[in-house]
Amino acid sequence: MAVDGDRITFWFGCNMLRHAEMIRLSIMLLERAGYDVSAAGGPAYCCGTAHDHQPHGASNMAARTVGRFNEAVEKEGRGTVVTWCPSCHMHMSDIMSPGNAAAFEVAHITELLADRADRLAPLLNVPVKRRVLLHRHLGFATHVAVNDRVAGLLSRIPGLQLTQGPAHPGHMCSSLAAVPGALAAAAGGTWGAAAANRCDTVCTIFHSCHRELTALDGKDNIHIRNWVHLVAESMGIEAGDAYRDWRAGEAPDVAAIEGAEEKRYRKLVEPELRRPPPLR
């Protein structure tokens, strides 16, 4: 993936409430790969997909976000917007950018890190002695070969044994939620494959999958990690997972969640934590 210079905008979407640690680790990995990173996200940079039931409002949000990224190109020379969320990436590539005269390129974080894997490899000097099954989906492959990119990065980690898990439909687990039984089937397929291959860890690629599968952490002595956790762990970087801990019953420190109002946490996050796991 060709990137116009090293100055990039990292667009993390609307997930800071839930996954601030994963976002910070992602920024850190980009910086260690040599990129000058400016992070952008939250309601001010909404892609509009959450408001598709109000097309005019969604269109205005998309135009506003593209305008802000264009401004970063003009004023700061940040010619590439690097995505984290696959929904944001597809919406930007297919709708927002073509419809709003974008002045920037769009790339996914896994593309940039995979392209600089040789630069990252010397930093992966802490063995991660895990037998890992990679939780995969097929739907994002139309835009980015993300499964291969992540597998390539994980294969550089000393001590880690990687097994490819079954490839599920949709771009991530949230896309299965509306289909009766589909999410449970995906979770069951992944967990069953992990157990059959004597894995001790299931590795997620996307945040939506991570939210669903953290509810299963510890089942059959199998634990859940995201790929950024494993890469950071091999660099000797502390890689906590607050969302997993919340799912396990630890009371969150709402005041410590960046930019969060308690009412937003109660509305957006708390109901997720009470949801039953996708697999019994």
Side-chain angles (χ1 to χ4, degrees), residues 1-16 19 22-50 52 58-121 137-153 156 171-172 175 205-208 226-228 231:
M1 175 72 205
V3 175
D4 183 15
D6 291 337
R7 294 173 64 79
I8 61 173
T9 299
F10 178 57
W11 185 29
F12 58 79
C14 301
N15 293 281
M16 184 58 84
H19 300 300
M22 288 164 59
I23 291 167
R24 281 194 288 266
L25 287 174
S26 297
I27 294 169
M28 195 176 300
L29 296 182
L30 287 166
E31 289 175 338
R32 295 201 176 193
Y35 293 102
D36 180 318
V37 183
S38 175
Y45 287 88
C46 182
C47 70
T49 53
D52 281 347
S59 179
N60 286 342
M61 288 180 181
R64 178 188 65 186
T65 297
V66 170
R68 286 177 170 160
F69 290 149
N70 282 343
E71 187 176 336
V73 177
E74 181 181 351
K75 293 184 176 180
E76 301 177 37
R78 299 187 184 277
T80 302
V81 171
V82 178
T83 59
W84 188 65
C85 167
S87 295
C88 291
H89 185 103
M90 293 189 293
H91 200 57
M92 176 62 80
S93 298
D94 299 346
I95 299 172
M96 296 171 68
S97 181
N100 292 283
F104 49 85
E105 299 295 324
V106 181
H108 191 256
I109 180 175
T110 56
E111 295 180 284
L112 270 68
L113 294 181
D115 283 352
R116 294 197 175 178
D118 288 341
R119 186 166 181 167
L120 291 173
H137 284 270
L138 295 170
F140 194 48
T142 54
H143 292 71
V144 177
V146 67
N147 297 321
D148 294 339
R149 297 285 193 277
V150 172
L153 289 167
R156 303 263 186 159
H171 61 286
M172 56 181 175
S175 63
I205 296 177
F206 296 125
H207 52 285
S208 162
N226 184 260
W227 67 274
V228 297
V231 175

**Student:** For Y45 and F69, I'd like to know if the aromatic rings sit close, meaning centre-to-centre distance below 6.0 Å.
**Tutor:**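 Distance test on ring centres: under 6.0 Å, yes.
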**Student:** Using the rule given for side-chain contact (heavy atoms from CB on, under 4.5 Å), can you reason through V66 versus M92, listing the C-alpha separation, both sets of side-chain angles and the distance that settles it, and then say yes or no?
**Tutor:** CA-CA 9 Å; V66 170; M92 176 62 80; 4.2 Å; yes
**Student:** For the residue pair A39 and F12, what are the closest heavy atoms and their distance?
**Tutor:** CB-CE2, 4.1 Å
**Student:** Have a look at S93 and tell me which of T83, T142, V106 forms a side-chain contact (heavy atoms from CB on, under 4.5 Å) with it.
**Tutor:** V106
**Student:** Would you check if W227 and V146 make a side-chain contact, meaning some heavy-atom pair closer than 4.5 Å?
**Tutor:**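 In short, these two side chains do not touch, never coming nearer than 4.5 Å.
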**Student:** Dump the intermediate steps for salt bridge (charged side-chain N to carboxylate O under 4.0 Å, His left out) on R156 and D118, then the final yes or no.
**Tutor:** CA-CA 9 Å; R156 303 263 186 159; D118 288 341; 2.9 Å; yes
**Student:** Restricting to non-hydrogen atoms, name the atom on A114 and the atom on R149 that form the minimum distance, rounded to 0.1 Å.
**Tutor:**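 That closest heavy-atom pairing would be CB-CD, 3.4 Å.
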**Student:** Salt bridge (charged side-chain N to carboxylate O under 4.0 Å, His left out) with E31: which residues, sequence neighbours excluded?
**Tutor:**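 In terms of salt bridge (charged side-chain N to carboxylate O under 4.0 Å, His left out), with neighbours along the sequence ignored, E31 is linked to no residue.
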**Student:** Who passes salt bridge (charged side-chain N to carboxylate O under 4.0 Å, His left out) against D94, sequence neighbours left out?
**Tutor:** none
**Student:** Could you tell me which non-hydrogen atom of M90 sits nearest to which non-hydrogen atom of G139, and how far apart they are?
**Tutor:**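 That would be SD-O, 4.4 Å.
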**Student:** So which of T9, D36, D6 actually passes side chain to side chain donor-acceptor pair (under 3.5 Å) with R78?
**Tutor:**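 Single pass found, and it is D36.
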**Student:** Shortest non-hydrogen contact from H171 to S87?
**Tutor:** NE2-OG, 3.0 Å
**Student:** What's the separation between atom CD in E71 and atom CD in E76, rounded to the nearest 0.5 Å?
**Tutor:**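 The CD atom of E71 sits 8.5 Å away from the CD atom of E76.
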**Student:** Looking at I205 and N226, what are the two nearest heavy atoms and their distance?
**Tutor:** O-ND2, 3.4 Å
**Student:** Taking all atoms of both residues into account, what is the closest heavy-atom pair of L29 and L120, and its distance?
**Tutor:** O-CD2, 4.1 Å
**Student:** Quick one: list whatever passes ring pair (Phe, Tyr, Trp, His ring centres under 6.0 Å) with H207, sequence neighbours left out.
**Tutor:**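 For H207 the ring pair (Phe, Tyr, Trp, His ring centres under 6.0 Å) partners, ignoring immediate neighbours, are W84.
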**Student:** Can you find a pair of side-chain heavy atoms, one from R68 and one from W11, that are under 4.5 Å apart?
**Tutor:** no
**Student:** So H143 and F140, would you call those rings parallel, tilted or perpendicular, with 30° and 60° as cut-offs?
**Tutor:** parallel
